[in-house]
**Student:** 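The structure under discussion is supplied below as C-alpha cells; questions concerning it will follow.
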Amino acid sequence: MTIRLKEVDAVMVGMGWTGAIAARELTKAGLDVVGLERGADRVPAEDFGLTTLRDELRYVHRLELMQDNSLDTITFRNAADQPALPIRRFGAFLPGEGVGGTGSHWGALYWRNLPSDFRIRSALTERYGANAIPADMTIQDWPVSYEELEPFYDRFDKLCGVSGQAGNLKGHIIAGGNPFEGPRSDHYPNKPIKSGLGPSLFGEAAKSLGCHPFPAPTATSSAPYVNPEGMTLGRCEYCGHCNRTACEANAKASPNITLMPALRADPRFELRTRAFVSRLVYDKAARKVTGVVYTDMRNGEEYEQPAGLVVLSAFTFGNTQQLLLSGIGEPYDPASGKGVVGKNYCYQFEAGGVAFFADKEMNPFIGAPGMGVVIDDFNGENFDHSGLGFFGGGYIVCSNGGAPLRAATAARHW
Ligand SMILES: Cc1cc2nc3c(=O)[nH]c(=O)nc-3n(C[C@H](O)[C@H](O)[C@H](O)COP(=O)(O)OP(=O)(O)OC[C@H]3O[C@@H](n4cnc5c(N)ncnc54)[C@H](O)[C@@H]3O)c2cc1C
C-alpha cells in the first residue's frame with residue numbers, strides 16, 4: 001500500500017548540483033522543501049576524509065560514487081532499429097549517485113559556454129550562409145543569451161570559489177587569460193591553481209605557434225575561501241585524487257561543501273536519502289504534476305509525497321525518463337524530427353594523447369585535473385570553418401593530475 005504523506009511546498013527528485021541549488025533558492029524564498037535522493041547521504045567530514053579517500057581502487061576503478069547499476073541501469077543502442085540493452089558495467093559514462101550526485105566526484109573543470117554557442121544556428125547561418133548547416137544537423141539556438149546568463153555564471157563562480165585568470169573583463173581583453181571568452185562582469189574569485197611541468201611546456205609551445213594559452217579555470221580553490229553562503233573551502237593540495245572521487249581538502253567545489261551545510265541547518269529543508277522516485281503523480285486533465293511516488297530503499301515501503309512544485313533534478317536521463325513515463329510533452333522522434341523530450345542529448349567527447357620526453361620527469365600521478373594549460377583557439381566559432389567540412393571544435397588542454405594507478409596505466413588520465 002502506498003502511504004500518502006503531508007503535502008509540502010516543493011520536492012526535489014535528486015540531490016546533485018541542480019537539486020541542491022534549487023532547494024537552497026526555494027527555502028530562501030520561504031518554501032518548505034523535501035529533497036529526495038536515491039543514493040546514500042554523503043557528509044564530507046565523515047565520508048571524504050583521509051585515508052579512505054585515497055583508495056583509488058574503490059573510487060576511481062570500482063566507481064564507489066557512481067550509480068549502482070546492479071539496482072538500476074541505463075539502456076543503450078547504437079541505432080534506432082536495434083534493441084536497447086542495459087549497461088552492465090559503466091565505462092566512460094559515469095552518472096553519480098548519493099547526496100552531491102555527480103558534483104561530488106566531478107573533475108571541476110569549469111567552463112562557460114561561448115557567446116556564439118547560445119545562438120549557434122544563427123551564428124553559423126550568418127557566417128557561412130543559409131545552406132551551410134546540413135539538414136540532419138539538429139543544432140538550434142538556446143532560448144537565453146550569454147548576456148542574460150552571465151550574472152548567474154558569476155554567482156556560480158563565487159559559490160564554487162573558482163580559480164582562474166579572466167581574459168575578457170567587461171569587454172576589456174586581459175593578457176594571460178582566454179581572449180575568446182564572453183565578457184565577464186568580474187574576475188574569478190581565486191587566482192589560478194599551480195601549473196605543472198607538462199602544462200607549462202605545452203603553454204610555451206602553443207604560444208610559439210601563435211595560439212593563446214591560459215590557465216584552465218577550475219572549481220578547485222587555490223587558497224582558503226569563504227563563499228557567499230558562508231561555507232569555507234580549503235586549498236588544493238595537488239594530491240591527484242580528485243576526478244571520480246571527492247576532495248579530502250574540501251578545495252574542489254561540490255554541493256556537499258558549498259550548499260548542503262546551509263540546507264542541513266535550514267528548518268525549511270528536509271533530506272530523505274535512499275528514496276528512489278519511481279514516478280510522478282500527474283493529473284493529465286489539469287496538466288499538473290501534484291507530487292511523486294518513491295520507494296524507501298531501506299524497507300521497500302512506497303510513499304506518495306504531494307507537493308505544490310516538483311523539481312526534476314535527476315540529471316537528463318532521470319528527468320527524461322520521468323517525463324516519458326508520465327506522458328508529459330512530445331517524445332522526440334528521430335525519423336520525423338518532431339518532439340523535444342529526449343532530443344539533442346550529447347555527452348562530453350574527449351580524445352587523449354601522451355608525449356614522452358626522455359630528459360624530463362612530468363609526475364602525472366599528482367596534481368589536479370584543473371591544473372592544465374589550455375588553448376581555446378580551435379573551439380566553437382573562435383576559428384573559421386570555411387571549407388573544413390565540420391562545425392564545432394573544442395579546447396585543447398595539457399594537464400596533470402590523474403590518480404597514481406590510472407596515470408601509470410593510461411595515456412588518458414580521465
Ligand atoms: C566523471 C565525471 C567527471 C565530470 N567532470 C566535469 C567537469 O570537470 N566539469 C564539468 O563542468 N562537468 C563535469 N562533469 C559533468 C557534471 O558533473 C554534471 O553535468 C553535473 O554534476 C550534473 O548535475 P545534476 O544535478 O544535473 O545531476 P547529478 O549530479 O547526476 O544529480 C542527479 C541526482 O539525482 C539522483 N537521482 C537520479 N534518479 C533518481 C530517482 N529516480 N530518485 C531519486 N534520486 C534520483 C542521483 O542519484 C543523483 O544524485 C563530469 C561528470 C562525470 C561523470
Side-chain angles (χ1 to χ4, degrees), residues 11-23 34-42 59-61 63-69 71-74 90-113 153 156-157 160 162 216-220 242-247 252-256 258-260 271-280 292-297 303 305 310-323 325-326 345-350 368-372 374 395 397 399 401-403 406 412-414:
V11 66
M12 310 288 128
V13 183
M15 283 304 293
W17 272 122
T18 309
I21 291 170
V34 165
L36 299 176
E37 168 54 49
R38 68 182 169 187
D41 197 2
R42 302 197 196 279
Y59 293 104
V60 178
H61 301 273
L63 308 176
E64 167 96 3
L65 300 178
M66 316 310 176
Q67 178 174 338
D68 182 349
N69 58 5
L71 288 178
D72 183 35
T73 189
I74 291 165
F90 288 127
F93 176 71
L94 300 167
E97 187 169 287
V99 171
T102 309
S104 67
H105 64 73
W106 68 329
L109 298 173
Y110 188 91
W111 291 100
R112 296 179 174 199
N113 285 356
Y153 274 138
F156 196 52
D157 288 359
C160 293
V162 176
T218 176
T220 303
C242 192
N243 197 16
R244 296 191 178 193
T245 184
C247 177
K252 186 176 73 168
S254 67
N256 313 61
T258 58
L259 286 163
M260 284 310 297
L271 176 67
R272 293 185 206 147
T273 54
R274 310 295 292 156
F276 199 114
V277 175
S278 53
R279 64 187 169 87
L280 308 177
V292 301
V293 173
Y294 71 90
T295 302
D296 184 333
M297 302 296 284
Y303 295 91
Q305 178 59 69
V310 174
V311 176
L312 293 181
S313 47
F315 192 61
T316 314
F317 289 110
N319 301 343
T320 305
Q321 183 192 32
Q322 295 299 344
L323 292 175
L325 287 175
S326 301
Y345 177 75
C346 182
Y347 193 53
Q348 55 193 11
F349 289 103
E350 289 166 4
M371 65 183 287
V374 193
Y395 64 79
V397 62
S399 180
R406 197 159 168 77
R412 294 160 24 118
H413 74 256
W414 227 227

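Both ligands and their constituent atoms are indexed starting at 1 by order of listing.
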**Student:** Going by the closest heavy atom to atom 33 (C) of ligand 1, which one wins out of M12, E37, M66?
**Tutor:** E37
**Student:** May I ask which of F315, F317, W106 has a heavy atom nearer to atom 27 (O) of ligand 1 than the others do?
**Tutor:** F315
**Student:** Would you say Y110 and T220 make side-chain contact, with heavy atoms under 4.5 Å?
**Tutor:** no
**Student:** Suppose I only count heavy atoms of T18 and a 4.0 Å limit; which atoms of ligand 1 are within that range?
**Tutor:** 24 (P), 25 (O), 26 (O)
**Student:** Does an N or O from H105, backbone or side chain, lie closer than 3.5 Å to an N or O of ligand 1?
**Tutor:** no
**Student:** Could you tell me which atoms of ligand 1, counted from 1 in the order shown, lie closer than 4.0 angstrom to a heavy atom of G103?
**Tutor:** 21 (O), 29 (O)
**Student:** Which of the listed options, T102, L109, N319, holds the heavy atom that is closest to atom 52 (C) of ligand 1?
**Tutor:** T102
**Student:** Is there a donor-acceptor contact under 3.5 Å from the side chain of E37 to the main chain of G39?
**Tutor:** yes
**Student:** With heavy-atom distances below 4.0 Å as the criterion, list the atoms of ligand 1 near G96.
**Tutor:** 46 (C), 47 (O), 48 (C)
**Student:** Is there a donor-acceptor pair under 3.5 Å between the side chain of S399 and the backbone N or O of G370?
**Tutor:** no
**Student:** Any idea which atoms of ligand 1 are less than 4.0 Å away from a heavy-atom of F276?
**Tutor:** 41 (N), 42 (N)
**Student:** Polar-atom distance check: A314 versus ligand 1, any N or O pair below 3.5 Å?
**Tutor:** no
**Student:** Can you tell me if S313 has a non-hydrogen atom under 4.0 Å from ligand 1?
**Tutor:** yes
**Student:** I'd like to check which ligand 1 atoms, numbered from 1 as shown, lie under 4.0 Å from a non-hydrogen atom of E97.
**Tutor:** 47 (O)
**Student:** Got a donor-acceptor contact below 3.5 angstrom from the R42 side chain to the E97 backbone?
**Tutor:** yes
**Student:** Treating S254 as the side-chain partner and S104 as the backbone partner, does any N or O pair qualify as donor plus acceptor under 3.5 Å?
**Tutor:** no
**Student:** Would a distance-only check, ignoring hydrogens and angles, find a side-chain to backbone donor-acceptor pair under 3.5 Å from K252 to W106?
**Tutor:** yes
**Student:** Please work out, at 4.0 Å between heavy atoms, whether the side chain, the backbone, both, or neither of A108 comes within that distance of ligand 1.
**Tutor:** backbone
**Student:** Counting from 1, what ligand 1 atoms have a heavy atom of G98 closer than 4.0 Å?
**Tutor:** 47 (O), 49 (O)
**Student:** So is A275 close enough to ligand 1, meaning a heavy atom under 4.0 angstrom away?
**Tutor:** yes
**Student:** Would R38 and D68 pass as an ion pair if we require N to O under 4.0 Å?
**Tutor:** no
**Student:** If you define the side chain from C-beta out and look only at heavy atoms, does anything of L280 sit under 4.5 Å from L325?
**Tutor:** no
**Student:** Side chains of L71 and M297: does their closest heavy-atom pair fall under 4.5 Å?
**Tutor:** yes
**Student:** Of all the heavy atoms in G16, does at least one lie under 4.0 Å from an atom in ligand 1?
**Tutor:** yes
**Student:** Kindly indicate whether the side chain of Y303, heavy atoms from C-beta on, has any atom under 4.5 Å from the side chain of L36.
**Tutor:** no
**Student:** Examine the proximity of ligand 1 to V99 and report which part, side chain or backbone, both or neither, has a heavy atom under 4.0 Å away.
**Tutor:** neither
**Student:** Give the atoms of ligand 1, by number and element, whose distance to some non-hydrogen atom of G107 is under 4.0 Å.
**Tutor:** 3 (C), 4 (C), 5 (N), 6 (C), 7 (C), 8 (O)
**Student:** Could you walk me through whether R272 and Y294 pass side chain to side chain donor-acceptor pair (under 3.5 Å), step by step?
**Tutor:** CA-CA 11 Å; R272 293 185 206 147; Y294 71 90; 3.1 Å; yes
